[in-house]
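Residue numbers start from 1 in every chain, and the chains themselves are labelled A, B, ... in the order their sequence lines are given, proteins ahead of strands.
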Amino acid sequence: MKLKRKFFNRNTVIVAQELLGKYLVRRVGGKVIATRITETEAYCGRNDLACHASKGLTERTRIMFGPPARAYIYLIYGMYHCLNVVTEKEGYPAAVLIRGCELANGPGKLCRELKINKKLNGIDLCGSKELWFEDRVERPAKINKGNRIGVDYAGKWKDKLWRFYI
DNA sequence: ACGATGATGAAC
DNA sequence: TTCATCATCGTA
């Protein structure tokens, strides 16, 4: 069953944890790939110095300021893409980074495997036939927590335990 | 430990 | 227009 917008229109830290165990589904051409999400990170608003939206509303970050459940995708280190899903009400810039799944263990590899790139930036993950999230019946897993990766510049925000994995 | 590789935002 | 930085990965 597809996750609805309501699921994403909530506190980002909650959404990041509840996305664990859900399925990311990608259709490219006639092929459908579904893979279970194993690692996420929460990026929470303008005050969070690790969040791109701490720079304010720019061309890049405007997707995060938009309505929940849209894809925020950007190029990182000149060669990899990262997939995020926008959370919280429109106007509040926050998102969950999908860091890993059963098919691939890092955000860059995940996007490479699923053929996710900036062409999908901004799409509605509730209305898309190319990329969406699904809930499948299964036992809830134990959630581990840690610090977010690669954000040592973010002052006190770098120590937030906003990375979740199973 | 480090280089690949290019978009982004801030400074000038 | 230039410059430092970067939510990574593969090779060493």
Next item on the list: Among dT8(B), dA10(B), dC9(C), find the nucleotide with the atom closest to the side chain of Lys55(A).
Entry: dA10(B)

Margin query: Nearest whole Å is fine: how far is dA7(B) C1' from Arg62(A) CZ?
Written below: 15 Å

Note to self: Less than 4.0 angstrom between a side-chain N/O of Arg112(A) and OP1 or OP2 of dG10(C), yes or no?
What the structure shows: yes

Note to self: Let's go through Phe7(A) and Phe133(A) carefully: what are the C-alpha distance in whole Å and the side-chain angles of both, what is the deciding distance for ring pair (Phe, Tyr, Trp, His ring centres under 6.0 Å) to 0.1 Å, and is it a yes or a no?
What the structure shows: CA-CA 10 Å; Phe7(A) 179 93; Phe133(A) 293 97; 8.0 Å; no

Margin query: Rounded to whole Å, how long is the line connecting atom CD1 of Ile73(A) with atom P of dG6(B)?
Written below: 19 Å

Notebook entry, point to check: Counting only Watson-Crick or G-U wobble pairs whose two distances fall under 3.5 Å, which nucleotide matches dT8(C)?
Noted result: dA4(B)

Item checked: Distance, rounded to the nearest Å, where Met64(A) contributes CE and dT8(B) contributes C1' -> 13 Å

Next item on the list: Calculate the interatomic distance between Asn84(A) atom CG and dT8(C) atom C1'; express it in whole Å.
Entry: 14 Å

Check: Please give, in whole Å, the distance from dA7(B) P to Ile76(A) CD1?
Finding: 13 Å

Margin query: With a cut-off of less than 4.0 Å, is there a side-chain N or O of Lys118(A) near OP1 or OP2 of dG6(B)?
Written below: no

Note to self: Looking at dA7(C), I'd like to know if its phosphate oxygens (OP1 or OP2) sit under 4.0 Å from a side-chain N or O belonging to Arg99(A).
What the structure shows: no

Next item on the list: Give one of base, sugar-phosphate or nothing for Gly78(A), where a contact means two heavy atoms less than 4.0 Å apart.
Entry: base

Note to self: Heavy atoms only, 4.0 Å cut-off, all strands: where does Arg60(A) land among base, sugar-phosphate and nothing?
What the structure shows: sugar-phosphate

Next item on the list: Would you mind reading off the distance between Leu97(A) atom CG and dC6(C) atom P, rounded to a whole angstrom?
Entry: 16 Å

Check: Do NZ/NE/NH1/NH2 and the carboxylate oxygens of Glu39(A) and Arg163(A) come within less than 4.0 Å?
Finding: yes

Notebook entry, point to check: Between Arg10(A) and Glu18(A), is there a salt bridge with N-O shorter than 4.0 Å?
Noted result: yes

Next item on the list: Look at the side chain of Tyr74(A) and the base of dA7(C), then say whether one donor and one acceptor between them are separated by less than 3.5 Å.
Entry: yes

Notebook entry, point to check: Could you give the CG-to-P distance, from Leu49(A) to dC6(C), as a whole number of Å?
Noted result: 12 Å

Next item on the list: Send over the distance from Ile116(A) CD1 to dT8(C) P, rounded to a whole Å.
Entry: 16 Å

Notebook entry, point to check: Looking at Arg99(A) and Glu41(A), does any basic side-chain N land under 4.0 Å from a carboxylate oxygen?
Noted result: yes

Check: OP1 or OP2 of dA7(C) sitting under 4.0 Å from any side-chain N/O of His52(A)?
Finding: yes

Check: Under 4.0 Å: is that the gap between some side-chain N or O of Tyr77(A) and OP1 or OP2 of dA7(C)?
Finding: no

Check: Considering only side-chain heavy atoms of Lys109(A), which listed nucleotide, dA7(B), dG10(C), dG9(B), is closest?
Finding: dG10(C)

Checklist line | Passing option when Thr87(A) is tested against Val13(A), Thr12(A), Asn9(A) for side-chain contact (heavy atoms from CB on, under 4.5 Å) | finding: Thr12(A)

Note to self: I want to confirm an ordering. Mapping Met79(A) and Thr58(A) to their closest nucleotides on DNA chain B, which one lands closer to the 5' end?
What the structure shows: Met79(A)

